[in-house]
Amino acid sequence: MVVGSFSLNAQQWGVGARFGYWDGSAFSIEAKKYNPSSSMEFIGTYYDNNNLEFTFLYQWKRRFAENFDFYFGYGATLADYNHDIGLAFDGVFGVEYFIPYSPLTVAVDWIPQLRLVPETKFYGNLSFILKYTF
């Protein structure tokens, strides 16, 4: 009965860690609010050079196999890059697997980012994500 309480329909939030910045110099935590056909994701990232990013993403999701969702969306980032304010627009494309009879999910996604401030530059971050859902 306890395991059943973690069924896919009961999951409303996920909290976890993201791994994968291209040079390993970043660590991110995230919280994701699940809705029936969409989700909202909040990501906080710390880079080893004392830079911080706070990202908000809105995502649409589609079920493409049992326990697998594909998601895509957009959002924005507000950052502190060596005491300069940073602003960026983000996209997101990913897949998420809800482990059966478990509160855990794993995901892989790519977040293309167009930084506008302090300088205009394009980045792309491929990440592996592990979340606890409740």
Would you say N51's side chain and N82's backbone share a donor-acceptor pair under 3.5 angstrom?
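Present.
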Using modelled atom types only, decide if a donor and an acceptor are shared between the side chain of R63 and the backbone of F68 within a distance under 3.5 Å.
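Side chain of R63 to backbone of F68, a donor-acceptor pair under 3.5 Å: yes, one is there.
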[X] and [Y]: which non-hydrogen atoms are nearest, and at how many Å?
{"X": "S38", "Y": "K61", "answer": "O-CE, 3.8 Å"}
{"X": "P118", "Y": "G86", "answer": "CD-CA, 4.1 Å"}
{"X": "F122", "Y": "P112", "answer": "CZ-CB, 3.7 Å"}
{"X": "G20", "Y": "N125", "answer": "O-OD1, 3.5 Å"}

Aromatic plane relationship, F56 with F42 - under 30° parallel, 30 to 60° tilted, over 60° perpendicular:
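The arrangement is tilted - the two ring planes meet at 30° to 60°.
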Is there a side-chain contact between [X] and [Y] in this structure, where contact means two heavy atoms from C-beta onward sitting under 4.5 Å apart?
{"X": "L114", "Y": "L116", "result": "yes"}
{"X": "P103", "Y": "F134", "result": "no"}
{"X": "W60", "Y": "Y74", "result": "yes"}
{"X": "W13", "Y": "K33", "result": "yes"}
{"X": "Y132", "Y": "V15", "result": "no"}

In this structure, would [X] and [Y] fall into the same cluster of hydrophobic residues linked by side-chain contacts under 4.5 Å?
{"X": "F89", "Y": "M40", "result": "no"}
{"X": "F64", "Y": "V108", "result": "yes"}
{"X": "Y81", "Y": "L87", "result": "no"}

Distance check, rounded to the nearest 0.5 Å: [X] atom [atom1] versus [Y] atom [atom2]?
{"X": "T105", "Y": "F98", "atom1": "OG1", "atom2": "CZ", "value": "6.0 Å"}
{"X": "Q59", "Y": "F93", "atom1": "CD", "atom2": "CZ", "value": "11.0 Å"}
{"X": "D90", "Y": "Y123", "atom1": "CG", "atom2": "OH", "value": "12.5 Å"}
{"X": "Y34", "Y": "D69", "atom1": "OH", "atom2": "CG", "value": "8.5 Å"}

Partners of [X] by side chain to side chain contact (heavy atoms under 4.5 Å, CB included), sequence neighbours excluded?
{"X": "A17", "value": "F19, F27"}
{"X": "D80", "value": "H83"}
{"X": "F54", "value": "L52"}

Pairs where residues 91-110 contributes a residue and the test salt bridge (charged side-chain N to carboxylate O under 4.0 Å, His left out) is met, not counting sequence neighbours:
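Only R18-D109, K32-E96, E96-K131 qualify under salt bridge (charged side-chain N to carboxylate O under 4.0 Å, His left out).
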In the hydrophobic clustering (ILVMFWY, side-chain contacts below 4.5 Å, transitive), which residues join L78, or is it alone?
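Cluster partners of L78: I85.
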So which residues get pulled into V92's cluster when ILVMFWY side chains under 4.5 Å apart are joined, directly or through others?
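Hydrophobic cluster check, V92: joined to I43, L57, Y71, I111, I129.
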Heavy-atom neighbours of F72 CZ exceed 12 at 6.0 Å:
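Counting other residues, nucleotides and ligands, CZ of F72 exceeds 12 neighbours.
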